[in-house]
Protein chains: 2
Amino acid sequence: MSTARRRTRQRAAVEDLLTGIDEFRTAQQIHALLQASGERVGLTTVYRSLALMAQAGQVDVLLAEDGEARYRACSSGHHHHLVCRECGSTVEVTATPVERWARTIAEQNGFTDVSHTVEIQGLCEACSM
Amino acid sequence: MSTARRRTRQRAAVEDLLTGIDEFRTAQQIHALLQASGERVGLTTVYRSLALMAQAGQVDVLLAEDGEARYRACSSGHHHHLVCRECGSTVEVTATPVERWARTIAEQNGFTDVSHTVEIQGLCEACSM
DNA sequence: CTGTATGCAAACATTTTGCATAAGC
DNA sequence: GCTTATGCAAAATGTTTGCATACAG
């Protein structure tokens with residue numbers, strides 16, 4: 001039953017790349033970056049590694065408006081993102097007041113088993129110049 | 001330059017169907033429902049109609065975790081949704097405190113031109129029984 | 001009549017899967 | 001050596017587009 005994860009070159013490559021970037025990147029971008037840096041990793045493997053990491057909570061997944069998923073290495077624990085529309089750079093933020101608000105609203109409407117999605121988009125300082 | 005929208009049978013069919021439902025539905029579901037009700041409308045047209053309506057603010061679009069877009073006729077004006085994970089039924093909510101919070105957080109981090117995404121998921125009363 | 005709308009089929013893009021091979025433990 | 005991981009090619013999915021035809025104004 002234990003997932004018995006194996007440490008392979010390609011898996012490590014994905015992890016290493018991801019920890020070196022603090023912006024959200026698509027699976028295909030990550031694949032391209034690996035190729036560019038000389039690592040030979042199949043696109044399939046990139047997808048599979050990202051899926052595993054996401055499940056393990058090692059990366060955060062964001063669904064963009066064009067339906068493409070974007071990945072980023074993130075601190076564990078519950079948090080939300082302030083993302084730059086232009087360059088994809090990210091600030092992790094906590095939203096304690098929002099958490100409370102969400103729960104209250106949900107309860108008032110008879111909803112249970114509540115979760116939520118909060119995200120702020122904008123232009124970061126560098127990109128707004 | 002004016003878009004000169006034309007009133008066609010199929011366009012009306014999509015609008016009518018949508019106003020009769022208060023749950024989020026995918027384009028393909030909408031297409032299937034139209035077929036089932038005897039209306040002959042191409043899937044392409046459904047997509048095109050929904051895109052137009054979304055642009056005009058007549059429907060709200062939601063991107064699900066599986067990358068599928070979901071549509072729903074909505075009140076105009078800025079609002080957010082409390083959605084049932086199970087049946088897709090929806091309650092529109094306003095989030096004034098959250099708006100303020102989002103703006104503040106963004107400003108504190110030097111972000112401008114701010115927008116946000118807020119959504120609450122849960123199980124509605126009917127589905128939690 | 002002129003130009004927008006439709007619908008089919010084909011194109012597209014992203015992600016997933018089947019299966020044989022390679023490799024970790 | 002048993003089992004998981006990889007990688008290619010092919011499939012699956014959701015959506016968009018080219019183009020000839022139909023129809024609204």
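Naming convention: chains lettered A, B, ... in sequence-line order (proteins, then strands); numbering from 1 in each chain.
What separates CZ of R9(B) from P of dT6(C) is a distance of 9 Å, to the nearest Å. Spacing between atom CG of L34(B) and atom C1' of dT6(C) amounts to 14 Å, rounded to whole angstrom units. For the pair L63(B) CG and dG14(D) P, the computed distance is 14 Å after rounding to whole Å. Between L50(B) atom CG and dG14(D) atom P there is a gap of 15 Å when expressed in whole angstrom units.
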*Quick one, give me the B/S/- string for nucleotides 9-22 of chain C, reading 5' to 3', where B means a protein heavy atom under 4.0 Å from the base and S means that only happens at the primed atoms, P, OP1 or OP2.*
B----SBBB-----
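Between R11(B) and dT6(C) there is a side-chain N or O to OP1 or OP2 distance below 4.0 Å. Between Q10(A) and dG7(D) there is a side-chain polar atom (N or O) within less than 4.0 angstrom of OP1 or OP2. Between dA24(D) and T8(B), no contact under 4.0 Å exists linking OP1 or OP2 to a side-chain N or O.
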Report all side-chain donor-acceptor pairs from residues 119-129 of chain B shorter than 3.5 Å, counting only partners two or more places apart or in another chain.
| residue | atom | partner | partner atom | Å |
| --- | --- | --- | --- | --- |
| E119(B) | OE2 | Q121(B) | NE2 | 3.3 |
| Q121(B) | OE1 | S115(A) | OG | 3.1 |
| Q121(B) | NE2 | T117(A) | OG1 | 3.0 |
| S128(B) | OG | C124(B) | O | 3.3 |
| S128(B) | OG | E125(B) | O | 3.1 |

Show me, pair by pair, the donor-acceptor contacts under 3.5 angstrom made by side chains of residues 47-58 of chain B, not counting sequence neighbours?
| residue | atom | partner | partner atom | Å |
| --- | --- | --- | --- | --- |
| Y47(B) | OH | Q28(B) | NE2 | 3.2 |
| S49(B) | OG | T45(B) | O | 2.8 |

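Ring geometry for F24(B) against H81(B) counts as perpendicular: the plane angle is over 60°, on a 0 to 90° scale with 30° as the lower cut.
Nearest approach of H80(B) to V118(B), heavy atoms of both residues: ND1-O, 3.4 Å. Nearest heavy-atom pair across C74(B) and H79(B) is SG-NE2, 3.6 Å. Summarising the geometry of R72(B) relative to D22(B), their closest heavy-atom pair is NE-O, 3.0 Å, with the distance given to 0.1 Å.
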